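It should be emphasised that the depicted structure is a prediction, and the values quoted were computed from it without experimental measurement.
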Protein chains: 2
Amino acid sequence: MTAAEEAPRSRRRPRGDVRAGLVAAGVELARSGGPDAVVLREATRAVGVVPNAAYRHFADRDELLAEVCSAAMNELAERMAAEIGRVRGKRGNPSAAQRRLGAIGAAYLEFARDEPGLFATAFAVPQQHAYAGRDTGDAPDRTPLGLLRAALDELVEAGVLDPQRRDGIEYPIWSLVHGTAVLTGQGPLRDASGVELRQIEARTLAFIGNSLA
Amino acid sequence: MTAAEEAPRSRRRPRGDVRAGLVAAGVELARSGGPDAVVLREATRAVGVVPNAAYRHFADRDELLAEVCSAAMNELAERMAAEIGRVRGKRGNPSAAQRRLGAIGAAYLEFARDEPGLFATAFAVPQQHAYAGRDTGDAPDRTPLGLLRAALDELVEAGVLDPQRRDGIEYPIWSLVHGTAVLTGQGPLRDASGVELRQIEARTLAFIGNSLA
DNA sequence: GTTGCTTAGTGGACGCTGTCCACATTAGGC
DNA sequence: GCCTAATGTGGACAGCGTCCACTAAGCAAC
């Protein structure tokens with residue numbers, strides 16, 4: 001209702017603007033309605049462009065969706081990293097290391113609860129455009145799995161986790177937290193009451209701590 | 001290509017036939033393409049009826065989808081029950097009880113691997129038509145959660161699982177197995193090799209055993 | 001046995017979607 | 001200052017879910 005109406009047909013936008021706008025619009029659609037709500041025409045409407053313009057930037061709707069999924073996954077990782085950063089204590093300190101792992105799980109569950117649409121979207125990458133975790137080499141891996149691994153490594157370093165049990169333990173832990181998020185979010189447990197949900201989440205985190213000792 | 005063409009326009013079908021046919025067709029669509037592949041018009045085509053006929057049996061597409069989801073969940077439960085039944089050993093026998101729990105997890109993961117479309121559909125119930133686990137009262141609960149609970153109760157009975165740790169432990173266990181199925185199926189871990197996947201699954205089941213002792 | 005009500009299926013339409021095509025405009029390198 | 005590639009437009013198409021009015025089949029009561 002601003003520039004779109006004042007300048008009825010400004011044919012050209014700044015370079016890369018439309019593409020970024022489409023992704024941003026897609027993210028908002030995903031936020032409020034999950035992956036199925038990411039509809040190409042709606043995104044172009046939000047940007048103020050004709051539907052076909054999207055095809056100058058994406059091969060098809062799936063490619064746009066893949067980009068949106070990637071953005072959603074990034075937001076999840078950002079929130080996890082923020083929650084980790086909030087935990088005080090030197091690296092290698094046993095208590096701090098344990099609290100950092102707890103912060104990871106809590107942030108994950110919180111994201112799934114507060115942003116169900118984005119959470120579902122983050123894991124709804126279309127088959128053709130698999131989400132490649134764009135490994136930036138030496139830079140610290142700011143993906144959910146990368147953050148989890150770092151936390152587990154710190155637990156070993158702090159002497160909390162037996163090095164012999166370290167190998168591959170990220171997968172059951174990730175699965176446990178993810179499963180809890182899915183079942184209580186969109187899954188069969190979604191109708192549980194607030195107290196029940198908190199109890200289930202608490203049990204999940206306790207289950208992890210139990211398995212490390 | 002049989003009766004549909006021979007009798008071009010037999011207005012009436014046996015009572016309840018169309019409805020059951022639509023659900024069956026929906027299940028097949030879900031089997032090969034997940035919940036999004038359950039398209040109303042396609043189901044009616046399979047039954048040999050005009051699209052609107054579906055609206056005599058379902059309020060809308062979501063109601064049909066909910067029925068298909070329920071059927072998919074039943075199929076999962078059936079496979080779990082079958083795998084449990086295959087385990088020899090008297091009820092209360094510690095080893096048998098443990099193997100029955102393992103059979104549950106294995107059947108769950110196997111179903112997710114062999115029938116990814118149905119597995120995804122089973123947990124994709126539309127918001128309006130929540131899946132109510134139609135509790136038949138005294139009859140044994142043949143839902144996935146019911147079967148898991150029974151197995152855990154038997155573990156307590158057999159003295160393998162400390163009764164104090166029994167309460168609510170079904171949720172982390174379910175979450176763990178479900179999370180593994182989702183992450184390795186449609187999720188970010190889907191591109192892992194076969195050996196990696198088997199390793200992850202094995203670790204998942206070991207993780208459970210580890211947590212019970 | 002005719003009457004009338006309920007149920008199940010038909011036919012046509014609407015608006016929405018993703019996608020394809022041909023065309024117009026603009027930006028930037030030569 | 002022109003040529004070419006990039007970008008956006010306009011119009012179209014098929015497929016989707018869904019609504020409406022209509023019709024035919026079955027069933028009950030008289």
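- In this structure, CG of B:Leu29 is placed 15 Å from C1' of D:dG15, rounded to the nearest angstrom.
- Counted within 6.0 Å of CG on B:Asp167, heavy atoms from surrounding residues, nucleotides or ligands total 12 or fewer; the atom is thus considered open.
- Heavy-atom minimum distance, A:Ala81 versus A:Arg142: CB-NH2, 3.4 Å.
- In terms of the side chain to side chain contact (heavy atoms under 4.5 Å, CB included) criterion, residue partners of B:Glu170 (sequence neighbours excluded) are, by chain and number, B:Leu145, B:Leu148, B:Arg149, B:Leu152, B:Arg166.
- Below 30°, between 30° and 60°, or above 60°: for A:Trp174 and A:Phe123 the angle between ring planes is between 30° and 60°, a tilted geometry.
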For nucleotides 13-21 of chain C, give me one character per nucleotide, 5' to 3': B if any protein heavy atom sits under 4.0 Å from the base, S if the only such contacts are to the sugar-phosphate, - if neither.
----BBBBB

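- Two residues are said to be in side-chain contact when any heavy atoms from C-beta on lie closer than 4.5 Å; A:His57 and A:Val18 meet this criterion.
- One can place CG of A:Asp36 at 13 Å from P of D:dG17, the figure rounded to the nearest angstrom.
- Considering only side-chain N and O atoms, B:His57 lies under 4.0 angstrom from the phosphate OP1 or OP2 of C:dG9.
- The residues A:Arg79 and A:Glu75 are annotated as salt-bridged, a charged nitrogen and a carboxylate oxygen being separated by less than 4.0 angstrom.
- Atom CZ of B:Arg19 is separated from atom C1' of C:dT7 by 15 Å (rounded to the nearest Å).
- In this entry the distance linking CZ of A:Phe58 with C1' of D:dT7 reads 14 Å, nearest Å.
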